[in-house]
Every structure is written in structure tokens, then in C-alpha cells.
Amino acid sequence: MIPQHGILEISRSRLAHNVREIRRQIPPHAQICATIKADAYGHSVRHIAPLLSEADIRWAAVFTLQEALDVASAANFHILMLAPLVLESSTDEALAPLLANAPRIRPTLIDLASARRLSEMVSHDRPGSVLPVHIQIDTGLTRGGADPADAADLAAAIHNLPGLHLEGVFAHLSHGDVPHHDASSQQLADFHALADPLKRQWPRLLLHLQNSGGAWSLNDPSLDMVRTGIALYGLQPSTAAPILQLQPIARVTAPVLAVHHRPAGTGVGYGHSFIADRPSHIAVVPVGYADGYPRLASNRGLIAQLNGHAAPLVGRISMDQMTIDVTGIPAALGDQVTVVSWNVGDANSLDALADSIGTIGYELATHFGPRLKRIVVE
């Protein structure tokens, strides 16, 4: 039976290459914190986490508690939970899994009331234990984090609360995808103004600010960790300023399920948005927008690759399938079509596809659907 689904291939060697390139950009003492939220940007935590462990990465960042628990079951990382832990009481039963996984999961705190409630829970449920926590400071993104005016007092209070250990302080860049932007330099200066006195007081405190783009464009030897997400997957923080060393780690292939021989004037797909202007061979491929290939890419002159040839996509992308024009191209049932290429110069690389419809590679990667069979290849 010809498979009825696409395959998402994940390259071990390409991921290892990207890790090496990131390490070249950061100080030797700095740690990589691999951002693997949103199921490793759609690539699958279950597949990515072991590869990161092979690459000697010890830290991972996620957004939610459930994501942290999923990672904890997949690999032995120190796990930073980026979503701030905002507590309404000190008897929140939803936090039981966090406490059970202490100290592997590190929550983020941004307010003193939540810190006190968390301290009460740890002291009550796990007396004698210590939960490492990080503080996020808002240095200009205006999306999350403690008010800079409150940061020093919050850090001092957490240091003195039983059951909590202040392990790190961080912020998020607002313009990390724009090399050498003035806002990034200002955020770095503001971050140091707040964090350096804390570092002098507690020398083992981990300071982290850079994202993938910042790792290349905002070098700072005094920072202790860099949170890299999109660069790990070989996609660009910004295609307007590409990082040429990166290699996309994923490609999507799928088999030809049918080949139709049709006369000129034949309409293809929903709404007949494509009309063949010549006798045509149209192949059907089982990848659609439910698998993450965007419907907006319909009839935009995009291609797939089949047997070494560029095959134009024709007609609308449907939920489960796409159609490609294979006129003049050898095409048989079961032949593999490269729907998304991992070659940067190809028009169907994920970043190029994103550019063609006015979005970013991040969004398309996180839309990779669960029907795609994920496999690790060299």
C-alpha cells in the first residue's frame, strides 16, 4: 500500500551542525538553552530532545507547565518554563506535577505575591527541598516580566523565601531578529544595569537575554546562557538578514497517489482556480493544509521536486492533498515528491515558502501537522 501521508524527515547531522555554529557565536563558558516550546517548533520534542542530548545540550526552554512535563518525560534537561507562574493561592493543585518534578523544572516568577505562595507550597508539600526559579524582567518588549523598578526587591525577597532558590534572571529582546538594532543595545544596557548588581551579590546567578538572532548580533561575554530556538532548526530569525551558516533540519516528502492525464481546458481542484492550458499530467500528493502546508500558497507559482525536476503546484491546496503539474516529468505511483525542501536556495524551503505568503518560518514550522510521520535521518 502506498502511504497516505507525508513524512517529516529530521536530520541529526544538520541539527548538530547548527549547534556547533551557535557555540561558535557565544562565549566558551555560556550554555545553550534550547527553546523547544510548541513541540520543538513543530518538529516533535520526542524526536528533537534526544538529538539535543547527543549534542551535549543540558538546558531546554518551554512555555507552559504541560510542555515542561512532556520534556521531562523525554530527556534529562534542566527545564526553564518561560510562561510566568502567576498564583492566586498557595493551594493550587495544578502545580502538583511541578513540585513532583522539582528541581528539574524551573518556573519563571514576575511578582512577589506569586513567589510567596509558591514558597508556601514548596515548604508545605516538600519540606526541606529547594525549587530553583528565574525572574523575568521587562526591559522593553512590553509583553511580560517584572517592572524594572521592582526587580531588585523581588530578587532579594525570593532569595530569602524558604523553599526557593534564585537561579537566574532574564529578559526578552524586542528586536532580536534585526541585527545591531538600537533597541537591542538599549535593552542590553538596561538589563545589565538591573542584573549586574544581583550578579555581584550572587556570583552563580545565571544571566540570559539573547535569542537566536541575538546570539549572532548582540555578543556579550558576560552573559551566562543563550536561549536559541529558530536557529537550532536551521530557520532564519529574519530572511532580510540571513545567517548563512544555518542548515534547515527538516524536509517534507510524500508519495504520488495518482496521476491524471487531462486535456487542455480541464479545471483542477476546488473552484477550478487552475485551468490547464495544454494537455497535462496532474499528480496528486497527500499533503495539505492540515499537514501544515499553507492554503495561501495556492496558485502562487510555487514548486515541489519530483525525480530531479521542479514540478509546479497547481490549483488550491486542500486539507489533505495538493496537485502538481508533472507534464513532461517522469512520474509513477509511489514516487517521492519533496514538498518542503531543506536546501536553503530552493523555492520550497520553509523560509522561502513563508516569504511568499507574507509570514515567517516560525509559523509554518509550528503548523507541521500530526499526520506527518516524523523520522530521524542522518
Side-chain angles (χ1 to χ4, degrees), residues 19 22-23 25-35 52-53 55-62 68 71-72 75-85 98-99 101-112 114-116 118-119 121-123 126-139 144-146 148 150-173 187-211 214-215 218-228:
V19 171
I22 293 166
R23 286 199 166 111
Q25 298 302 314
I26 65 178
H29 72 276
Q31 302 186 68
I32 294 175
C33 180
T35 304
L52 293 173
S53 294
D56 200 31
I57 288 179
R58 296 290 174 258
W59 279 84
V62 296
V71 172
N76 188 27
F77 294 124
H78 304 309
I79 305 165
L80 175 62
M81 192 171 70
L82 295 171
L85 197 64
L98 167 62
L99 301 181
N101 282 274
R104 291 182 61 198
I105 298 175
R106 275 83 162 157
T108 291
L109 294 171
I110 61 172
D111 71 280
L112 182 54
S114 295
R116 286 173 173 158
L118 182 61
S119 170
M121 293 185 69
V122 174
S123 300
R126 299 178 65 87
S129 66
V130 176
L131 178 64
V133 300
H134 290 229
I135 293 174
Q136 179 185 352
I137 304 173
D138 180 14
T139 59
D150 301 330
D153 290 342
L154 177 59
I158 289 175
H159 177 73
N160 292 318
L161 285 172
L164 301 185
H165 165 60
L166 180 58
E167 182 179 50
V169 175
F170 71 97
H172 285 299
L173 293 173
Q187 280 193 266
L188 179 63
D190 292 344
F191 181 70
H192 276 302
L194 294 165
D196 286 357
L198 304 178
K199 182 79 167 180
R200 288 192 291 270
Q201 189 172 0
W202 303 300
R204 298 181 65 124
L205 192 67
L206 297 175
L207 305 185
H208 46 111
L209 172 66
Q210 297 148 297
N211 55 8
L218 195 69
N219 191 21
D220 187 329
S222 67
L223 297 176
D224 304 293
M225 191 158 68
V226 55
R227 304 184 309 272
T228 54

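Numbers for residues simply follow the sequence, beginning at 1. This one's a predicted model, so the numbers in the text were calculated from it and none came from an experiment.
- Side-chain N or O atoms of Ser119 include none that pairs as donor or acceptor with a backbone N or O of Ala115 at under 3.5 Å.
- In this structure, the side chain of Asn211 engages the main chain of Gly214 through a donor-acceptor pair within 3.5 Å.
- With sequence neighbours left out, Asp138 forms a salt bridge (Lys or Arg N to Asp or Glu O under 4.0 Å) with no residue at all.
- Considering only heavy atoms from C-beta on, Asp196 comes within 4.5 Å of Leu207 through its side chain.
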request  = Decide side chain to side chain contact (heavy atoms under 4.5 Å, CB included) for Asp56 and Arg58; before the verdict, give the C-alpha distance in whole Å, the side-chain angles of both, and the deciding distance to 0.1 Å.
outcome  = CA-CA 6 Å; Asp56 200 31; Arg58 296 290 174 258; 2.8 Å; yes
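- A distance-only check finds no donor-acceptor pair linking the side chain of Asn219 to the backbone of Ala215 [under 3.5 Å].
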Counting only pairs under 3.5 Å, give me each side-chain donor-acceptor contact of residues 27-35, with atom names and distances, residues two or more places apart or in other chains.
residue : atom : partner : partner atom : Å
His29   : NE2  : Pro221  : O            : 3.4
His29   : NE2  : Leu223  : O            : 3.0
Gln31   : OE1  : Trp59   : NE1          : 3.1

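- Once rounded to the nearest 0.5 Å, the distance linking CD1 of Ile22 with OG1 of Thr228 reads 4.0 Å.
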task = Would you sort out whether Leu166 and Ile135 count as a side chain to side chain contact (heavy atoms under 4.5 Å, CB included), showing the intermediate values?
result = CA-CA 8 Å; Leu166 180 58; Ile135 293 174; 3.7 Å; yes
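- Note: His134 NE2 to Ile158 CD1 = 11.0 Å, rounded to the nearest 0.5 Å.
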message = Could you go through Leu161 and Leu118, starting from their C-alpha distance and side-chain angles, then the distance that decides it, and tell me whether this counts as side chain to side chain contact (heavy atoms under 4.5 Å, CB included)?
response = CA-CA 9 Å; Leu161 285 172; Leu118 182 61; over 6 Å; no
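- Proximity of a side-chain donor or acceptor of Glu167 to a complementary backbone N or O of Arg106 within less than 3.5 Å is not detected.
- Rounded to the nearest 0.5 angstrom, Gln187 CD and His192 NE2 are separated by 12.0 Å.
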Arg227/His208 under side chain to side chain donor-acceptor pair (under 3.5 Å): CA gap, chis, key distance, verdict = CA-CA 7 Å; Arg227 304 184 309 272; His208 46 111; 3.0 Å; yes
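- Thr139 places no side-chain N or O within 3.5 Å of a backbone atom of Asp190 that could act as its donor or acceptor partner.
- At least one donor-acceptor pair under 3.5 Å links the side chain of Lys199 to the backbone N or O of Leu205.
- Remark: the backbone N or O of Arg126 is paired with a side-chain donor or acceptor of Ser129 at under 3.5 angstrom.
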inquiry  = Could you walk me through whether Val19 and Ile57 satisfy the side chain to side chain contact (heavy atoms under 4.5 Å, CB included) test, starting with their C-alpha distance in whole Å, then the side-chain angles of each, then the deciding distance to 0.1 Å, before giving a yes or no?
reply    = CA-CA 9 Å; Val19 171; Ile57 288 179; 3.9 Å; yes
